[in-house]
Novice: 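Got a structure here, written out as structure tokens. Questions coming.
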Amino acid sequence: MQETERQSEERSWETAKTLAEALPYIQVYDRETVVIKYGGHAMGESAVAKQFAADVVLLKLMGVNPVVVHGGGPQISAMLDKAGVKSAFVDGLRVTDRDTMQVAEMVLSGAVNKEIAHWITVAGKEADVRGVGLSGKDAGLLTVEKTMRTKRDPDSMIEHEVDLGFVGEPTKVDPKLIKGLIASETEDWVPVIAPIGVAEDGMTYNVNADTVAGAIAGSLGAKRMLLLTDVAGVKGADGEIIRQMNLEEAQALIDTGVANGGMIPKLETAMAAVRAGVEAVVILDGRRPHAMLVELFTEFGAGTLVKAQ
């Protein structure tokens, strides 16, 4: 037998061993809902997007009910740059005027949303697993209200309101459509949701995708919410990744300044989702191949898990 054949045989045995070891974890997540926040610059790389889609299909075929909520900030910025539109940001939120809102909806609900749904459908072709592209505007899924922020003047120290334009915060989630899709006994649907919502007055708003994912996960009583980011997890004061923390410990990281920058809103989203009824939220590196599978189906996981206690 040639060496390459021996290596191939060994890989086959290792694969079988890995599947057997995953059995207890597969049973834990059987028919449970997992909300996945997918975003970042990796969304623009087709190879990464295809791998992500294949992993989502595998989750579905293993008995999990994945629900994908995606962002698209880099794609919106690229489209605005092409149009010669300059963007301003306040606390990480894009100031969104009417023209910017139209571009944001076109990119998020159009190109990005349909591409992710398409790759899931392609990856699941043989088993007829299909991605379904939606936005918060569909079936009254996401009701929002206008977001207002305050900013302190560094000279006078007086706080004043900052108008972010068409940027919203979720006030109500109606998950009936999502529940109907994932509960189907005859079809394997994977909802893919763009973070666009509608206010009571009918106006359309752009919403932070992390916030939308947390709100939807809470409304579904998800067992897990996976926040795919570009870092391996939350680091402690010693610079090491913290594998697990409760709400009190997460808040302490923010209060003491150990967590800073973009990690603060990630932790705040995680804490809000847990308070809303999600069993646990995991912050993990979405750039690593199969990170979701490692997190859900292996002993040590792949990021930082945030839970109530």
Side-chain angles (χ1 to χ4, degrees), residues 15 18-39 48-70 116-134 173 175-193 209-210 212-229 244 270 273-274 276-286 288-307:
T15 298
T18 300
L19 287 171
E21 291 173 346
L23 178 59
Y25 306 101
I26 294 171
Q27 294 185 79
V28 167
Y29 290 101
D30 183 42
R31 283 170 283 198
E32 295 285 356
T33 298
V34 174
V35 174
I36 305 160
K37 160 53 192 355
Y38 178 53
V48 176
K50 290 177 183 179
Q51 184 61 70
F52 169 79
D55 285 352
V56 170
V57 169
L58 183 56
L59 289 179
K60 186 68 177 178
L61 294 176
M62 293 174 81
V64 179
N65 291 320
V67 175
V68 178
V69 178
H70 66 83
I116 296 170
H118 167 69
W119 286 128
I120 291 172
T121 300
V122 169
K125 183 178 179 180
E126 295 302 318
D128 201 23
V129 176
R130 305 188 193 191
V132 182
L134 306 168
V173 177
K176 188 179 297 182
L177 175 58
I178 303 174
K179 287 182 177 180
L181 289 170
I182 64 179
S184 174
E185 295 183 358
T186 59
E187 306 293 339
D188 286 322
W189 307 115
V190 177
V192 179
I193 304 162
D210 288 357
V212 172
I216 288 176
S219 73
L220 293 171
K223 188 170 186 66
R224 285 289 184 275
M225 173 175 153
L226 305 181
L227 275 176
L228 303 186
T229 70
Q244 186 170 299
V274 171
V278 179
E279 184 178 288
V281 177
V282 184
I283 300 171
L284 67 163
D285 190 349
R288 295 196 67 179
H290 314 304
M292 295 188 295
L293 306 183
V294 172
E295 170 56 37
L296 296 177
F297 301 128
T298 67
E299 181 180 357
F300 296 105
T304 298
L305 183 141
V306 181
K307 62 179 184 176

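The figures here come from the full heavy-atom set of this structure, side chains too, leaving out hydrogens, waters and symmetry mates.
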Novice: Mind listing the closest non-hydrogen atom pair of Val35 and Ala213 along with its distance?
Specialist: CG1-O, 3.8 Å

Novice: For residues 125-134, which side-chain donor-acceptor pairs fall under 3.5 Å, sequence neighbours excluded?
Specialist:
unit_1: Asp128; atom_1: OD1; unit_2: Arg130; atom_2: NE; d: 2.7
unit_1: Asp128; atom_1: OD1; unit_2: Arg130; atom_2: NH2; d: 3.1

Novice: Tabulate below the donor-acceptor pairs under 3.5 Å that side-chain atoms of residues 297-305 make, not counting sequence neighbours, or state none.
Specialist:
unit_1: Thr298; atom_1: OG1; unit_2: Val294; atom_2: O; d: 2.4
unit_1: Thr304; atom_1: OG1; unit_2: Val234; atom_2: N; d: 2.8
unit_1: Thr304; atom_1: OG1; unit_2: Ile242; atom_2: O; d: 2.6

Novice: For residues 20-32, dump all side-chain donor-acceptor pairs below 3.5 Å to protein atoms at least two apart in sequence or in another chain.
Specialist:
unit_1: Glu21; atom_1: OE2; unit_2: Lys17; atom_2: NZ; d: 2.7
unit_1: Tyr29; atom_1: OH; unit_2: Arg224; atom_2: NE; d: 3.3

Novice: Can you measure from NZ (Lys60) to CG (Asp55) and round to the nearest 0.5 angstrom?
Specialist: 15.5 Å

Novice: Go through the structure and list residues passing side chain to side chain contact (heavy atoms under 4.5 Å, CB included) with His118, not counting sequence neighbours.
Specialist: Val122

Novice: Kindly compute the distance separating CG (Leu59) from CG (Leu226), expressed to the nearest 0.5 Å.
Specialist: 8.0 Å

Novice: If you compare all heavy atoms of Ala217 against all heavy atoms of Met225, which two are closest, and at what distance to 0.1 Å?
Specialist: CB-SD, 3.9 Å

Novice: Can you name the nearest heavy-atom pair linking Val274 to Ala280, along with the distance?
Specialist: CG2-CA, 4.4 Å

Novice: Out of curiosity, Thr121 OG1 to Asp188 CG, how far, rounded to the nearest 0.5 Å?
Specialist: 11.5 Å

Novice: In chain order, what residues pass the ring pair (Phe, Tyr, Trp, His ring centres under 6.0 Å) check against Phe52, with sequence neighbours excluded?
Specialist: Tyr38

Novice: For a quick test of reading the model, state the closest non-hydrogen atom pair linking Ala123 to Val57 and the distance between them.
Specialist: CB-CG2, 3.8 Å

Novice: Holding to side chain to side chain contact (heavy atoms under 4.5 Å, CB included), I want the full list of residues that pass it with Asp210, two or more places apart in sequence or in another chain.
Specialist: Lys37, Asn208, Leu227, Lys266, Thr269

